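Working notes for the structure below.
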Amino acid sequence: MDLFTQLLLAAISSGTPLLFAALGGILIERSGIIQLGAEGLMLMGAVTACLTYLHTNSLGLTLLAVFAVSAALGLVHGFLTVTLRTNQIVSGLAMTLFGTGFSAYLGKSVSGLPIPGAVPKVHLDFLKDVPVLGDVFGRLDLLTWVSFLLVIVLHLFIHRTSAGLHLRAIGDNPATADVMGIRVQLVRYACIMAGSVLIGLAGADLLLVFSPTWIEGMTAGRGWIAVALIIFARWNPIRALLCAYFFGVLDTMGFRIQLIGSEIPSYFLKMIPYVVTILVLMFLGWRNRNKPSGAPESLGVPYLREQRF
Amino acid sequence: MNEKPAVGTITSPCTSALGTSAATKTRRLRFRFELDPSRTSSPWWITIVSVVLALAACAVFIAANGMNPLMVYKKMFMGAFGSSFGITETLVKTIPLLLCGLGVAVAYRISVWNIGAEGQFAAGAIAATAVTIYFPNLPSYAAIPLMVVFSIAAGGVWGLLTAIPRTYFQVNELISSLMLNYVALLALDYVVFGPWKDPKGMNFPGTPMFTDAQMLPVFGNTRLHFGLLFGLAAVVLYALLTRYTRWGYELKLIGANPEAAKNAGIRIARHILLVMLISGGLAGLAGMSEVSGVAHRLMYGISPGYGYTAIIVAWLAKLNPFGIVLSSFLFGGLIVGGYSVQTIGLPSSMSLMLQGAILFFLIAGDTVTKFRLRRSA
């Protein structure tokens, strides 16, 4: 395999959890609700996946459990932010704290146990002899293919369907959407729960595919990088794919530079994704200083039906 | 049951979302919730109710996992408040929470979401330790002040690294301050596993022990150190500055209405920079008082998430300085209680779970008390 193929594979394998989380975040934030609980949701997804897979040995039940737990947590965020209209930032932070602590509590008994080969690989034998494609796409796992599919589905949904138009309307101007007869609260609940499921799936993917052992706090800030990715991607699923893979490469760069036998201590290499996140955000902020960021216009503003604007 | 809806019911200008669903069923409902316009702040008891409800909710999870929640809570409570040792330990944990909490609170006053106290704490701890590494033979009257100055400066710079992107590049401070946490913690790991590692430490990831001159003095025979005085001084200073100075008034104005403040000629950018400098500086000082007063060395995992707990400390106290003293004591107890459940095989990060739950109920409670129950017919 040449360097390019290796990079592409690294990007996909370590970028897929980020991609799932970013897609979930995009869906939630498109409806106008800030979601900062991604770190906690991912950890809860990962620990649920670990526990159910070790007990049932079935991928289907594992995913089902992850969906149920994430949707329940999403429901809590939805109740607080949509029905009670509390501060969305604090609700998200609470979710992160709760998820971090609760996942550590639940995962105590399974910490360090390996979970090999939970997600089957999809063998595409007809690609075997194609030079680059065969190496990259010939033996990807199932969840990675699901993530490709999700990018397309979400992109088409948001930009090409009337339901997506309603969603964008709610994110930009819930009062107008309400007058148009769209059920703002219902759609927001649906988006928060569906998005939370995707973020939980990101945690499950991280655990089942990327590093198949539960370790307390194993996401190591990936949830927050996913939150930043939403901004880089300007709330667009296809750009999210590119940005997630870019960070996937950065994420694995550390290992690779170490393998070459570099003198740089690994701690500095591990800082790369975090530093690059801030630098890219600064660059984007500077470049788009007089332009809209692409964020839904009512992001973070609680909607109260009778309120006049 | 079939009473006619009162005329004012449906057109009431402050029918809430909860009220909306009620309004559609007015025929059947005798009472409904609506936003109470006279309530500007929630009553004090809601804090207690929230904490109790959060404990109850977590008890359900603990019971579902097959443990006796009462036993777990008793263990936590006795560990934190049940003995004089427990209480001094709780006070020891109160100090960093108090300093970080004040730092976080001062930033929240103008809606700057500093969640980087953890990293600023680490930066302060590293800077204070740098003094002991590079100036090992200073007498205590020089070493301690130098460590204080260095740690405040380092924490402040770490805060500015968030404030500058926020003011000049429109970078969301939540993300940048959090990313900087990871950077600072990795830097801490680097120095304690690498260049500053104690050669005689049997591979323990920590720097050599500080000399007596580099340690903060303690009260009597306890572990409680003079960092408590930093904390109390900071509380008084915070209270005075925010209440009685022009600067405090300007912060209040920006917090209440940034647009109006801008039109009144207040330089918001400058305030953000200053506030983050102070915020980071306080967290940095907390880092110094922890290494110099408690651990007596810089070591791996020096903070059990003080920076994150500080967020709740500040929020629980509604940014009130004396409330922060109380809530940091409460959460100090929660952290010590978290350690004490380790003896029955539970992770200490269980206290994070309780903290998250408390925060959930607190924000929900804040909203719920803004509603009033009213007869609709």
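Owing to the predicted nature of the structure, the values given are computational and were not obtained by experimental measurement. Proteins come first, then strands; the chains are lettered A, B, ... in the order of their sequence lines, and each starts at number 1.
Looking at A:I225, the atoms closer than 4.5 Å to chain B (heavy atoms on both sides) sit in the backbone and in the side chain alike. With a threshold of 4.5 angstrom between heavy atoms, B:I363 approaches chain A through its backbone and through its side chain. For a residue to count as touching a neighbouring chain, one of its non-hydrogen atoms must lie under 4.5 Å from one of that chain's; by this rule B:I115 touches chain A with the side chain only. Interface remark: B:I311 contributes side-chain atoms only to the contact with chain A (heavy atom separation under 4.5 Å). Both the backbone and the side chain of A:L281 come within contact range of chain B, with heavy atoms under 4.5 Å apart. Looking at A:K270, both its backbone and its side chain come within 4.5 Å of chain B, counting heavy atoms on both sides. For chain A, no part of B:I358 is nearby; none of its heavy atoms comes within less than 4.5 Å.
Per-residue counts of heavy-atom pairs under 4.5 Å with chain A were compared for B:Y168, B:Y308, B:F169; the largest is that of B:F169. Top candidate by heavy-atom pairs under 4.5 Å with chain B, chosen from A:S109, A:A94, A:S91, A:G285, is A:A94. The residue among A:N87, A:V90, A:L36, A:L106 with the most heavy atom pairs within less than 4.5 Å of chain B is A:V90. Highest contact tally toward chain B, considering only A:W224, A:W286, A:F283, is held by A:W224 [criterion: heavy-atom pairs under 4.5 Å].
The aromatic rings of B:Y108 and B:W113 sit tilted relative to each other, their planes meeting at an angle between 30° and 60°. Ring geometry for A:F98 versus B:F61: interplanar angle of 30 to 60°, hence tilted.
Defined by atom type and a distance below 3.5 Å, a donor-acceptor pair is present between the side-chain atoms of B:N114 and B:Q120. Inspection of the A:E216 and A:S111 side chains reveals no N or O donor paired with an N or O acceptor under 3.5 Å. In this model, no donor atom of one side chain and acceptor atom of the other lie less than 3.5 Å apart for B:E173 and B:T162.
Annotation: A:F232 is not in aromatic contact with A:F246 [ring centroid separation under 6.0 Å not met].
A salt bridge links A:D251 to A:R222: at least one charged side-chain nitrogen sits closer than 4.0 Å to a carboxylate oxygen.
Judged by distance alone, with hydrogens and angles left aside, the side-chain atoms of A:S103 form no donor-acceptor pair with the main-chain N or O of A:M44 at under 3.5 Å.
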